[in-house]
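Counting starts at 1 for both ligands and their atoms, following the listed order.
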Amino acid sequence: MQHITLITGATAGIGLACAKRFAKEGHDLIVTGRRKERLEKIAAEIRQKNSVQVLSLSFDITIVNEVRDAIESLSQEWKNIEILVNNAGLAVGLNTVQEGVIDDWERMIDTNIKGLLYMSRYITPLMIEQGYGHVINIGSIAGKEVYPNGNVYCATKHAVDALSKTMRIDLVKHGIRVTQIAPGAVETEFSEVRFKGDTERAKSVYKGYVPLHSDDVAEVTFYVTTLPNHANINDLVIMPTAQASATVFKKE
Ligand code: NDP
Ligand code: 8X3
């Protein structure tokens with residue numbers, strides 16, 4: 001095996017697009033997500049279309065023992081992870097703090113902050129041991145600015161922004177690169193999850209302008225891994241041309 005890339009949240013959206021993009025370039029993949037059947041189907045399709053090896057690991061990144069067991073279960077060969085794409089994440093609900101749903105907050109904090117940390121905690125020591133690696137954290141423009149009712153989601157993505165900076169400091173002496181990719185609006189399952197299955201409301205988020213496609217984000221995610229070893233993109237913000245900030249859009 002040559003390059004091994006581990007992508008969390010590869011059952012949909014940006015993670016799925018990244019899996020396809022990295023496979024096209026010949027990377028062997030470890031893909032993760034909770035929806036086991038869907039993950040296995042995706043892994044089989046990628047294997048069929050590319051001559052790469054794909055390992056699917058179904059677990060919940062919010063449960064530390066599941067993360068630890070999944071990583072510890074890897075054979076020595078699969079432990080040579082070169083690139084970790086910390087992509088799995090979600091927004092749940094869109095309320096003021098005073099009307100917030102505490103379970104929604106827990107899910108966002110557990111997934112976007114703690115899940116990313118658990119993955120990083122178990123994989124970066126493997127990178128240190130092998131002497132190379134690249135951690136790519138999928139943040140958001142919600143980690144660069146805030147918007148009405150975005151409170152906890154924005155806070156979790158501001159945490160990803162901070163963690164990307166501090167991880168870079170922690171890992172610099174080991175030659176491990178850390179990049180944050182911060183997208184604006186991307187049409188994925190994100191809004192369906194945020195609005196708890198309200199498809200109409202989810203669709204309305206992307207109406208009247210051309211949002212980013214998950215392939216656009218996959219393209220820049222792959223791009224940051226192609227620079228020579230001495231160069232690193234620390235932070236990359238990508239937005240639809242029709243979006244100027246979290247709340248300012250040019251809509252038809
Ligand atoms: P999707 O909802 O399409 O995909 C989210 C992925 O995360 C799924 O594969 C899901 O897999 C996985 N996931 C969620 N919770 C868990 C969990 N507890 N354990 C394991 N996997 C989990 O959303 P996107 O592709 O849009 O989101 C990907 C990342 O991009 C997120 O971090 C999001 O915050 C970020 N982002 C999205 C933007 C957008 O506009 N769409 C903009 C900026 C950033 P499964 O359900 O199978 O577990
Ligand atoms: C997703 C982008 O601004 O809709 O991270 O929350 S936003």
Side-chain angles (χ1 to χ4, degrees), residues 6-20 30-43 56-64 66-67 70 85-94 104 106-119 136-161 163-164 180-197 201-202 204-206 209 211-218 220-221 236-240 243-249:
L6 188 155
I7 301 163
T8 64
T11 53
I14 295 168
L16 173 57
C18 285
K20 291 179 179 168
I30 304 173
V31 288
T32 87
R34 289 164 302 180
R35 288 169 284 181
K36 192 168 190 279
E37 221 173 282
R38 189 155 161 176
L39 190 66
E40 283 171 357
K41 195 162 167 249
I42 285 164
S56 60
L57 291 179
S58 183
F59 62 90
D60 185 333
I61 60 161
T62 69
I63 302 174
V64 68
E66 289 195 16
V67 176
V85 184
N86 273 322
N87 163 75
L90 78 186
V92 197
L94 193 64
D104 293 352
E106 313 275 25
R107 287 180 60 198
M108 289 187 275
I109 292 166
D110 287 354
T111 312
N112 301 354
I113 306 179
K114 291 163 77 177
L116 179 145
L117 278 170
Y118 298 155
M119 290 302 299
I136 303 175
N137 294 329
I138 306 296
S140 167
I141 56 159
K144 304 286 183 186
E145 51 181 304
V146 295
Y147 53 85
N149 301 325
N151 42 62
V152 177
Y153 179 69
C154 293
T156 64
K157 289 298 181 177
H158 274 70
V160 174
D161 192 59
L163 286 169
S164 301
Q180 173 178 237
I181 310 266
V186 194
E187 190 166 9
T188 61
E189 293 178 7
F190 177 84
S191 292
E192 268 183 66
V193 173
R194 168 170 259 172
F195 299 125
K196 303 176 182 177
R201 192 172 174 200
S204 73
V205 173
Y206 310 106
Y209 69 102
L212 289 173
H213 192 274
S214 51
D215 288 343
D216 302 321
V217 183
V220 295
T221 306
L236 190 155
V237 180
I238 174 169
M239 315 254 284
Q243 183 179 18
S245 77
T247 51
V248 178
F249 289 81

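For atom 4 (O) of ligand 1, the closest non-hydrogen atom on the protein side is Ala12 CB, 3.9 Å. With hydrogens left out, the protein atom closest to atom 25 (O) of ligand 1 is Ile14 N, 2.8 Å, a heavy atom. If you check which protein heavy atom lies closest to atom 21 (N) of ligand 1, you get Ala88 CB, 3.7 Å. Given atom 12 (C) of ligand 1, the protein heavy atom at minimum distance is Gly9 CA, 3.5 Å. Of the protein's heavy atoms, Arg34 NH2, 3.5 Å lies nearest to atom 14 (C) of ligand 1. Looking at atom 43 (C) of ligand 1, its nearest protein heavy atom turns out to be Pro183 O, 3.2 Å. Of the protein's heavy atoms, Glu189 N, 3.1 Å lies nearest to atom 3 (O) of ligand 1.
Among Gly139, Ala19, Cys18, the residue whose heavy atom sits closest to atom 44 (C) of ligand 1 is Gly139. Between atom 23 (O) of ligand 1 and the options Thr11, Thr188, Leu57, the minimum heavy-atom separation is to Thr188. Nearest to atom 34 (O) of ligand 1 by heavy-atom distance, out of Phe59, Phe190, Tyr153, is Tyr153. Evaluated by nearest non-hydrogen atom to atom 32 (O) of ligand 1, the leading choice among Asn87, Ile138, Val85 is Asn87. Of the candidates Pro211, Gly15, Gly184, Gly89, Gly184 brings a heavy atom nearest to atom 42 (C) of ligand 1.
Looking at Gln243, its side chain does come within 3.5 Å of a backbone N or O of Ala185 through a donor-acceptor pair. Using a distance-only test at 3.5 Å, with no hydrogens or angles considered, no donor-acceptor pair links the side chain of Asp110 to the main chain of Gly115. Checking side-chain atoms of Asp60 against main-chain N and O of Thr62 turns up a donor-acceptor pair under 3.5 Å. Under the 3.5 Å distance criterion, the side-chain polar atoms of Arg38 are matched with a main-chain donor or acceptor of Thr11. Side chain of Thr8 to backbone of Asn86: no donor-acceptor contact under 3.5 angstrom is found. No donor-acceptor distance shorter than 3.5 angstrom exists from the side chain of Thr32 to the backbone of Ser58, with no hydrogens or angles considered.
The two atoms that bring Val31 and Ala19 nearest to each other are CG1-CB, 4.0 Å, heavy atoms only. Of all heavy-atom pairs between Ile14 and Pro183, the closest is CD1-CG, 4.5 Å. In terms of heavy atoms, His158 sits closest to Glu145 at CE1-O, 3.3 Å. Nearest heavy-atom pair across Ile138 and Lys157 is O-NZ, 3.0 Å. Here the closest non-hydrogen pair linking Asp215 and Ala17 is OD1-CB, 3.5 Å.
Against a heavy-atom cut-off of under 4.0 Å, Asp60 is close to the following atoms of ligand 1: 17 (C), 18 (N), 19 (N). Taking every non-hydrogen atom of Thr62 and a distance limit under 4.0 Å, the qualifying atoms of ligand 1 come out as 18 (N). Ligand 1 places these atoms under 4.0 Å from at least one heavy atom of Ala10: 9 (O). Less than 4.0 angstrom separates some heavy atom of Gly13 from each of these atoms of ligand 1: 3 (O), 25 (O).
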Considering only N or O atoms, set out every pair between ligand 2 and the protein closer than 3.5 Å, with distances to one decimal place.
{"from": "ligand 2", "atom 1": "5 (O)", "to": "Ser140", "atom 2": "OG", "distance (Å)": "2.6"}
{"from": "ligand 2", "atom 1": "5 (O)", "to": "Tyr153", "atom 2": "OH", "distance (Å)": "2.5"}
{"from": "ligand 2", "atom 1": "6 (O)", "to": "Tyr147", "atom 2": "OH", "distance (Å)": "2.4"}

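Remark: ligand 1 and Val186 share an N or O pair separated by less than 3.5 Å (distance only, no angle test). When only interatomic distances are considered, the shortest N/O to N/O separation between Ser140 and ligand 1 does not fall below 3.5 Å. Note: no N/O pair closer than 3.5 Å links Ile141 and ligand 1 by distance alone. Looking at ligand 1, you won't find any N or O of Val193 less than 3.5 Å from one of its N or O atoms. Where the criterion is an N or O separation shorter than 3.5 Å, residue side chain and backbone included, Ile61 meets it with respect to ligand 1.
Checked for salt-bridge contact, Glu40 and Lys36 meet the test: a charged N lies under 4.0 Å from a carboxylate O.
Under 4.0 angstrom from ligand 1, the non-hydrogen atoms of Lys157 all belong to its side chain. At a 4.0 Å heavy-atom cut-off, ligand 1 does not touch Ala142 at all. Under 4.0 angstrom from ligand 1, the non-hydrogen atoms of Thr111 all belong to its side chain.
Taking OG1 from Thr221 and CG from Asn87, the interatomic distance works out to 8.0 Å, rounded to the nearest 0.5 Å. The distance from atom CD of Glu106 to atom OG1 of Thr111, rounded to the nearest 0.5 Å, is 10.5 Å. With rounding to the nearest 0.5 Å, the separation of CG in Asp161 from CG in Leu163 is 9.0 Å.
The closest approach between any non-hydrogen atom of Ala185 and ligand 1 is below 4.0 Å.
Evaluation of the salt bridge (charged side-chain N to carboxylate O under 4.0 Å, His left out) test over residues 10-20, restricted to residues two or more places apart or in two chains, returns none.
Between Phe59 and Tyr118, the gap from one ring centroid to the other reaches at least 6.0 Å.
No more than 12 heavy atoms of other residues, nucleotides or ligands lie within 6.0 Å of NZ in Lys41, so this atom counts as exposed by the packing criterion.
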